[in-house]
There are 2 protein chains.
Amino acid sequence: MATTEVTATISDAEWRVMRVVWTLKQADSRTIISLLEKQHDWKAPTIKTLIGRLVKKGALGTTKQGRQYIYTPQINEQAAMDAALLTELEQMCAMHRGTALVHVVDQLDLSRGDVETLIAHLEQKLPTAPASVPCDCLPDDCEGSCDA
Amino acid sequence: MATTEVTATISDAEWRVMRVVWTLKQADSRTIISLLEKQHDWKAPTIKTLIGRLVKKGALGTTKQGRQYIYTPQINEQAAMDAALLTELEQMCAMHRGTALVHVVDQLDLSRGDVETLIAHLEQKLPTAPASVPCDCLPDDCEGSCDA
DNA sequence: CTTCTTTGACTACAAATGTAATCATAATTT
DNA sequence: AAATTATGATTACATTTGTAGTCAAAGAAG
């Protein structure tokens with residue numbers, strides 16, 4: 001078994017919950033609820049529901065401490081992010097992914113270190129990068145493909 | 001009014017439909033259905049439903065041609081991709097977005113041109129890139145933040 | 001003209017999701 | 001001990017999504 005099974009499907013709202021638990025490393029419901037009530041217009045029961053679903057999905061683990069639970073992430077944040085992003089991109093036309101990345105890189109705040117790492121990785125890819133990546137939106141090669 | 005309103009929320013299954021219409025520029029239901037039946041285990045009625053939902057959402061436009069419809073994309077593919085990707089990333093911890101992009105860049109097939117463009121844009125960002133991007137998972141500055 | 005087929009319209013239905021109320025029990029406070 | 005509060009468990013409910021069946025009208029085929 002991998003230590004970090006990134007199998008669970010985490011919805012948008014659930015993702016908000018995971019973010020605070022990931023950041024805190026572990027937390028009881030009181031903490032999670034009070035933090036999230038500040039960020040959203042969510043009622044406590046809503047957050048409880050989300051926590052419950054995450055536990056059922058295996059994204060959060062519980063340790064009973066007296067009458068309460070301490071929740072801990074069962075999946076790695078970075079791994080979950082990587083997987084979600086890759087899944088999202090793979091669902092889009094391969095031919096346009098590069099441009100999408102360019103737009104995203106333009107709009108996001110990235111640290112100097114991240115920018116440098118990205119450049120390094122890209123430069124390493126350059127030599128073997130194909131001249132073009134074809135559209136993969138149609139079955140096999142149904143003549144028609146995305147325009148260039 | 002912007003020509004390309006990327007407001008509609010397109011689900012995963014619907015995205016598959018959009019991809020073929022985007023690629024073909026326009027298509028009648030027969031064409032869409034036969035192409036998608038090859039790529040998925042979808043029955044014709046399923047695809048009809050998806051097309052109908054996309055029309056209702058405003059993602060596809062219709063032109064009546066005799067008894068049939070010709071469907072055309074009402075939103076731009078690249079713009080939709082950019083927006084979806086940005087939305088996905090913005091829902092994640094700002095501190096880890098850079099790393100996620102690195103992983104994605106490593107795993108994706110990118111054309112030489114895309115790689116070059118990415119490098120160019122990144123190099124342009126380098127001078128003004130901040131030393132670090134802080135975690136934004138907790139309200140304001142609730143002392144705790146993601147580890148470095 | 002009658003029958004088969006194509007195509008769009010309408011209906012169906014379970015699972016996931018967003019959002020929350022209620023309830024019971026354990027803990028705290030008076 | 002009684003009243004209050006906190007916490008997890010259970011239930012609720014509309015919407016979205018995935019997946020598909022049914023039906024009627026319009027054409028095509030015989």
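- Residue L36(B) contributes atom CG, which lies 15 Å from atom C1' of dA20(D) at whole-angstrom precision.
- Straight-line distance from the CZ atom of R16(B) to the P atom of dT19(D): 12 Å, rounded to whole Å.
- Within a 6.0 Å radius of CD in E123(A), more than 12 heavy atoms belonging to other residues, nucleotides or ligands are found.
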N/O-N/O pairs, protein side and nucleotides 25-30 of chain D side, under 3.5 Å:
unit_1	atom_1	unit_2	atom_2	d
dG27(D)	OP1	R67(B)	NH1	2.5

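- In this model, the phosphate group of dT6(C) is not approached by any side-chain N or O of S29(B) to a distance below 4.0 Å at OP1 or OP2.
- Under a 3.5 Å cut-off, the side chain of E77(A) and the backbone N or O of M18(A) do not form any donor-acceptor pair.
- Legend: residues meeting side-chain hydrogen bond (donor to acceptor under 3.5 Å, both in side chains) with T31(A), ordered by chain and number and at least two apart, are D28(A).
- What separates CG of D28(A) from P of dT5(D) is a distance of 20 Å, to the nearest Å.
- Listed by first then second residue, pairs satisfying ring pair (Phe, Tyr, Trp, His ring centres under 6.0 Å) with a partner in residues 45-92 of chain B number zero, not counting sequence neighbours.
- Distance W15(B) CH2 to dT16(D) P: 18 Å, rounded to the nearest Å.
- Put simply, NZ on K64(A) is 10 Å from C1' on dT7(D), counting in whole angstrom units.
- To the nearest angstrom, C1' of dA6(D) lies 13 Å from CD of E37(A).
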Side-chain donor/acceptor pairs under 3.5 Å, residues 86-93 of chain B, sequence neighbours excluded:
unit_1	atom_1	unit_2	atom_2	d
T87(B)	OG1	A83(B)	O	2.8
Q91(B)	NE2	D12(A)	OD1	3.4

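- No continuous path of hydrophobic side-chain contacts links V133(A) to L85(A) [ILVMFWY only; heavy atoms under 4.5 Å].
- Pairing each heavy atom of P139(B) with each of K38(A), the nearest pair is CG-CB, 4.0 Å.
- I51(B) has its CD1 atom 15 Å from the P atom of dT19(D), to the nearest Å.
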- prompt: Tell me, for nucleotides 10-21 of chain C in 5' to 3' order, what letter each nucleotide earns: B for a base near a protein heavy atom under 4.0 Å, S for only sugar-phosphate near one, - for neither?
  reply: --B----BBBBB
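- Between atom CZ of residue R16(B) and atom CD1 of residue I10(B) there is a gap of 13.5 Å, rounded to the nearest 0.5 Å.
- Side-chain N/O atoms of Y69(A) include none lying less than 4.0 angstrom from OP1 or OP2 on dA26(C).
- When the C1' atom of dT7(D) is taken as reference, atom CD1 of I32(A) falls 13 Å away, rounded to whole Å.
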Quick one: side chains of residues 47-59 of chain A, donor-acceptor pairs under 3.5 Å with protein atoms, not counting sequence neighbours, listed by atom name and distance.
unit_1	atom_1	unit_2	atom_2	d
T49(A)	OG1	P45(A)	O	3.0
K57(A)	NZ	T9(A)	O	2.8
K57(A)	NZ	E14(A)	OE1	2.6
K57(A)	NZ	E14(A)	OE2	3.0

